[in-house]
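Along the sequence shown, residues carry numbers from 1. Counting convention: from 1, in listed order, for ligands and their atoms alike.
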Amino acid sequence: MRTFLIAGNWKMNAGPTDAAKLAKEMVAKWEGKTFKSEALLCPPFISIPAVQAAFKGTAFQTGAQNVSNQDNGAYTGEISTSMLKDAGCTYAIIGHSERREYFVENDELIAQKTKKTIDDGLKAILCVGELLEERKSGKQEEVVKKQVNAVLNHLGKDVSDQFVIAYEPVWAIGTGETASPEQAQEMHKFIRSLVENSWGKASADKVRILYGGSMKPDNAKELLSMPDVDGGLIGGASLKADSYSEILDTAESI
Ligand code: PEP
């Protein structure tokens with residue numbers, strides 16, 4: 001039985017003041033209530049301490065949207081795993097399609113970041129997903145297989161307890177378009193088979209595979225009800241306490 005992970009990616013939104021306010025609103029929505037799912041919010045680096053402070057003493061977790069593949073030293077503008085741990089983060093998102101596209105992150109760098117994150121005791125959320133042209137030409141599995149295997153091969157050993165995959169079809173991110181529950185299930189099952197090829201069935205059954213791409217309160221139930229969908233990576237809808245909480249509530253009801 002896998003625990004749902006409901007992860008919000010705030011992208012380049014919410015500086016420390018706004019982030020603290022939003023985090024407090026989320027905490028207030030759940031005051032006096034508990035949840036079985038894992039609730040994770042990933043603010044911009046500079047807002048992590050403010051969010052962490054607002055989440056103190058609650059079950060909400062804080063994560064990062066990116067991380068360096070290096071330990072420390074002369075890497076201007078980078079943030080290391082040890083800094084994230086020091087700030088209280090438990091997860092780092094790696095290889096988001098926006099980082100692949102705008103910051104030219106390739107599979108090799110993404111594999112290094114994933115390994116470093118896990119070796120240093122954080123959990124990694126590896127993002128994979130195909131472009132619209134790739135889906136239209138029926139290449140989605142080929143593309144996702146290359147992205148997933150690049151990381152599995154680099155990791156070498158079974159790290160299923162610290163490894164989460166987010167399937168995010170690029171054509172569905174921030175577009176209002178969503179993969180159908182059937183399209184999501186088909187790809188999630190395929191991704192799980194890739195993990196099984198590397199680490200065996202017991203470990204593949206443990207790894208959580210999140211869906212990302214315009215998940216909202218009105219489509220969360222049908223997506224989260226699919227057998228291989230173990231949560232969501234949520235952009236736009238995680239920037240409002242109401243919509244994030246509704247999705248978390250939906251996960252709790254399944
Ligand atoms: C994302 O950025 O990971 C994402 C899924 O965004 P949105 O929910 O806005 O499509």
Below 6.0 angstrom between ring centroids: does that apply to F190 and Y167? no
Provide, line by line, the atom pairs where ligand 1 and the protein bring an N/O atom each to a distance under 3.5 Å; else say none.
from, atom 1, to, atom 2, distance (Å)
ligand 1, 2 (O), K11, NZ, 2.6
ligand 1, 2 (O), H96, NE2, 2.8
ligand 1, 3 (O), H96, NE2, 3.0
ligand 1, 3 (O), E168, OE1, 3.2
ligand 1, 3 (O), E168, OE2, 2.6
ligand 1, 6 (O), G235, N, 3.4
ligand 1, 8 (O), S214, N, 3.4
ligand 1, 8 (O), G235, N, 2.8
ligand 1, 9 (O), G236, N, 2.9
ligand 1, 10 (O), G174, N, 2.6
ligand 1, 10 (O), S214, N, 2.7

How close do V148 and V128 get, counting heavy atoms only, and between which atoms? CG2-CG1, 3.9 Å
Would you indicate whether D119, at its atom CG, is surrounded by more than 12 heavy atoms from other residues, nucleotides or ligands within a distance under 6.0 Å? yes
Do L248 and W30 have side chains that approach each other closer than 4.5 Å (heavy atoms only, starting at C-beta)? yes
To the nearest 0.5 Å, atom OG of S37 lies from atom CD1 of I247 at 12.0 Å
Non-neighbouring partners of N153 that pass side-chain hydrogen bond (donor to acceptor under 3.5 Å, both in side chains), sequence neighbours left out: none
